[in-house]
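Accompanying notes for the structure given below.
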Amino acid sequence: MNKSKDFLRAIVDEDLKSGKYKEIVTRFPPEPNGFPHIGHAKSIYINFGIARDFKGHCNLRMDDTDPSKEDTKYVEALKDAVQWLGFDWGDNLYFTSNYFPRIYDYAIKLIKMGKAYVDSLSEEEIRLYRGTVTEAGKRSKYANRSIEENLDLFERMKNGEFKDGEHVLRAKIDMSAPNMKMRDPLLYRIRHAHHFRTGDDWCIYPMYDFAHCLSDYIEGVSHSICTLEFENNRAIYDWVLDTLKLEPPRPYQHEFARLGINYTVMSKRKLLELVEGGQVSGWDDPRMPTIAGYKRRGYTPESILNFCEQIGIAKANSMVDVSQLEFCIRDDLNKKVPRVMCVLDPIKVVIENYDRYEEIDASYYPHDVPKEGSRKLPFSKEIYIERGDFMQNPPKGYFRLTPTQPVRLKHAYIISCSEVVKDSNGNITEIKARYYPESKSGSDTSGIKVKSAIQWVSAKEAKRVEVRLYDRLFLAEAPEGVEDINPNSLKIIKNALVEPAVISEKPDVRFQFEREGYFYADPVDYSDEKPVFNKIVGLKDSWGKKAKSVKPKPQSKKLHVEGEVAPMSEVEQKLFDNYTKNLGLNSEISNTLARDEQLSHFFKEALCEFNSPIGIANIIANEVARELKDKRVDDLKFTPKQLAQLVKIVENGTISNKISKQVFEEMVKTGENPSQIVQTKGLVQISDPAKIEPIIDEIIAKNPDNVAKFRAGNTKLLGFFVGLVLKNTGGKANPKVVNELVAKKLNT
RNA sequence: UGGGGUGUAGCCAAGCGGUAAGGCAACUGGUUUUGGUCCAGUCAUUCAGGGGUUCGAAUCCCUUCACCCCAUCCA
């Protein structure tokens, strides 16, 4: 119930409450230049999910401002992905190219405002003029063209009078801005290319930074959610919208960390490399982290959505473990999918004492899956079992068939091994076995206990199928490129054997091959003549894990280097010395104050009002410093004098230190006098034990569990009780007194 | 290096001055005709490091460190 919201939802919630927006509008804005991957799924889930949760809507917008890379086939793939994941954009499918005329008009407006100019520097020069991260850039000599000239040139750019690269339109912002993105960003470039939607109507195209914010605005988007690498672009986003003085409400950009999953790559470039290099069969290769890949592999949309839900949304760059995804698909399929039997690596078993043929009625689902359904399972003298399910010299803990250990054939009888037939090389070619007639599944009266039940298929009735086993595409946890590729990521088994029910089923159905994993009929290569199954994911395998030796993970202890602190100036040093030697401040506080001119000045003034250096210094170095982080002293609503008064009433015991923070907050907001605030809010400290004790008694009575825990030695809980008492008194109880009383009462 | 961000367990991730949520992974044990599922339990004396403020700090202040993003006429 009390589920915590992610930071984006918290922002949306706030914006709705404050009345900033009437309706929440988000958008999923991919560039149609490649196939969507699971990172897009996260973005889709966030944008459509937030819209759904707040009863707004989400637009699907193709960000098609670069005609050289985009294509209709990608817009189809993108639409497919959104639909497959179960989201609906309704009528809200848009293209940035729809807005080209309006974006052009906005550009004209900027030119007329003197905020944009046509630059005729070469590409090379523009880069040079931009400067570097540490050096300011310099403005182009074309920046001071007249508005008329700019208008004329821009129109002629649009009319196709110039070649690619001859001119660009740039925003006139600041060539020395510390944010590189703000150094007169390009707004339009000339590109004589055929656009897949607007054809040859345009030969100038807006850049992302100009088109995106305006498209959002045009569509009435409220929250423009994108990934972290656009943080620096937010300044332009705001600049364009603000400079144009567009009628509110306008959209704001918020960034989250893109999805990374280990043992795979997620960038379009690297994905394309795999496709073009032939490392995979295409964008929909079941090993690809593309939506098309997962779809073909047999992942369900529910499992992907659930994965997106589980990984959360935050701003920390992170890499999610694939096992989290694998859990999601197993978890989903476990509840849904029929169990059938398949033998991947067959070895023949001849049941010497069985000469009949029967069809066993076998349930598709285990007892714990509440679904109905069964099929006829043919059983006969000759069957196949998995080669790995028999061992002549088994290790300890082996549960399957051995010369001395019987095993159950799932849904059928218990058998035991009577003879092992080998070829001249010593390889096992056949197992002779005997069955126990009274051990039939469901009516077992044999009394034989087995440790395991294994899958099998009847030799005559079994069907041959191709099974494709997939492993991770890369060997490295954070692969760089093809050099890290896993050469064994695909293993094809041409002649696996399945029970007949498997291929009589209709396509697009998933199975669990019992004890093996989940499988999906390949939607591309499957045919009646040649059935092909993709392994979606294996079952958890605690035996296989145990059998393999587990490698211990090396744990490195974090080492830390102490960095160098910048030296103080002479003035600062003098102040510092004065603070420590004459006023008795500790070095940390002295340091903070001495190094900040605003703080030291504030301190000096406050001291004139009330001479308590330590008290005043503490609150300035802590609380005032916080307020001054994004403000200047002149913008503060309270004065040094008022601050000194605050310290005074703390020191004379009128209010507690805790309450002083509350009073301070109020001073920040209103600039009122501290004593006034204390009076109107009734914040005077309660130190009388007689008033506090009954509250403590009540709380102790209400929390017997925690009292017991405390008495059992969990002394951390003292804070819990103190907190409750303080909460109960509105923070007014004297915490020192409360601490003492609580400790006393709990210990008796 | 200037600017913008981020550091909570092996991996994600809540937390916003008062008992360190949850999921994955891992590990016990139980159930089981899947070595699956399910169930019960274990798994952070501590939040990148160091200091400070406070009765009390993952949360506030100072400082150091590490990592990511920005110098495409890509998005």
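In what follows, chains are A, B, ... by sequence order, proteins preceding strands, each numbered from 1.
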When A:K181 and A:D444 are each assigned the nearest nucleotide of RNA chain B, the 5'-most assignment goes to A:D444
RNA chain B: A:A625 or A:T134, which has the more 5' nearest nucleotide?
A:T134
Mate of [N] where both pairing distances stay under 3.5 Å, Watson-Crick or G-U:
{"N": "B:G7", "result": "B:C65"}
{"N": "B:A44", "result": "none"}
{"N": "B:C74", "result": "none"}
{"N": "B:C38", "result": "B:G30"}
{"N": "B:A57", "result": "none"}

In chain order, what residues pass the side chain to side chain donor-acceptor pair (under 3.5 Å) check against [X], with sequence neighbours excluded?
{"X": "A:R234", "value": "A:E255"}
{"X": "A:S303", "value": "A:T300"}
{"X": "A:E229", "value": "A:T227, A:R258"}
{"X": "A:S140", "value": "A:D119"}

Kindly state each residue pair satisfying side-chain hydrogen bond (donor to acceptor under 3.5 Å, both in side chains) with at least one member in residues 729-744 of chain A, sequence neighbours excluded.
A:S687-A:N734
Under 3.5 Å donor-acceptor pair, [X] side-chain atoms to [N] base atoms:
{"X": "A:R408", "N": "B:U33", "answer": "yes"}
{"X": "A:Q512", "N": "B:U34", "answer": "yes"}
{"X": "A:N591", "N": "B:G52", "answer": "no"}
{"X": "A:N618", "N": "B:G52", "answer": "no"}

Regarding [X], tell me which of base, sugar-phosphate or nothing describes its non-hydrogen contacts under 4.0 Å with the strands shown.
{"X": "A:I614", "value": "nothing"}
{"X": "A:R191", "value": "sugar-phosphate"}
{"X": "A:E514", "value": "base"}
{"X": "A:T65", "value": "sugar-phosphate"}

What distance, rounded to whole Å, do you find between the two [atom1] atoms, one in [N] and one in [M]?
{"N": "B:A9", "M": "B:A13", "atom1": "P", "result": "10 Å"}
{"N": "B:U46", "M": "B:A20", "atom1": "C1'", "result": "7 Å"}
{"N": "B:A26", "M": "B:C70", "atom1": "P", "result": "36 Å"}
{"N": "B:U59", "M": "B:C67", "atom1": "C1'", "result": "22 Å"}
{"N": "B:C11", "M": "B:C43", "atom1": "C1'", "result": "14 Å"}

Indicate the ring-plane relationship of A:W543 and A:F399, choosing parallel, tilted or perpendicular according to the 30° and 60° boundaries.
parallel
Shorter than 3.5 Å, N or O on both sides, protein versus nucleotides 16-26 of chain B: list them out with atom names.
from  : atom 1 : to     : atom 2 : distance (Å)
B:G18 : N7     : A:K658 : NZ     : 3.1
B:G18 : O6     : A:K658 : NZ     : 3.1
B:U19 : O4     : A:N706 : ND2    : 3.1
B:A20 : OP1    : A:K716 : NZ     : 3.0
B:G23 : O2'    : A:Q310 : OE1    : 3.3
B:G23 : N2     : A:Q324 : OE1    : 2.7
B:C24 : O4'    : A:Q324 : NE2    : 3.4
B:C24 : O2'    : A:S323 : OG     : 3.1
B:C24 : O2'    : A:Q324 : N      : 3.4
B:A26 : OP1    : A:K545 : NZ     : 2.5

Between N or O atoms, less than 3.5 Å apart, protein on one side and nucleotides 29-31 of chain B on the other: list the pairs.
none

Side chain of A:K629 only, please: which of B:G3, B:C74, B:C62 is the nearest?
B:C62
Using O4'-C1'-N9-C4 for purines and O4'-C1'-N1-C2 for pyrimidines, with syn meaning within 90° of 0, is B:U72 syn or anti?
syn
For A:F95 and A:D64 the tightest heavy-atom approach is CD2-OD2, 3.7 Å
Which residue pairs pass the salt bridge (Lys or Arg N to Asp or Glu O under 4.0 Å) test with at least one member in residues 619-630 of chain A, sequence neighbours excluded?
A:E623-A:R626, A:E623-A:K661, A:R626-A:E665, A:E627-A:K631
For residues 126-137 of chain A, pull every pair meeting salt bridge (Lys or Arg N to Asp or Glu O under 4.0 Å), keeping only residues two or more places apart or in separate chains.
A:E124-A:R127
Tell me, with the steps shown, if A:E31 and A:D66 meet side chain to side chain contact (heavy atoms under 4.5 Å, CB included).
CA-CA 9 Å; A:E31 181 186 16; A:D66 184 356; 3.8 Å; yes
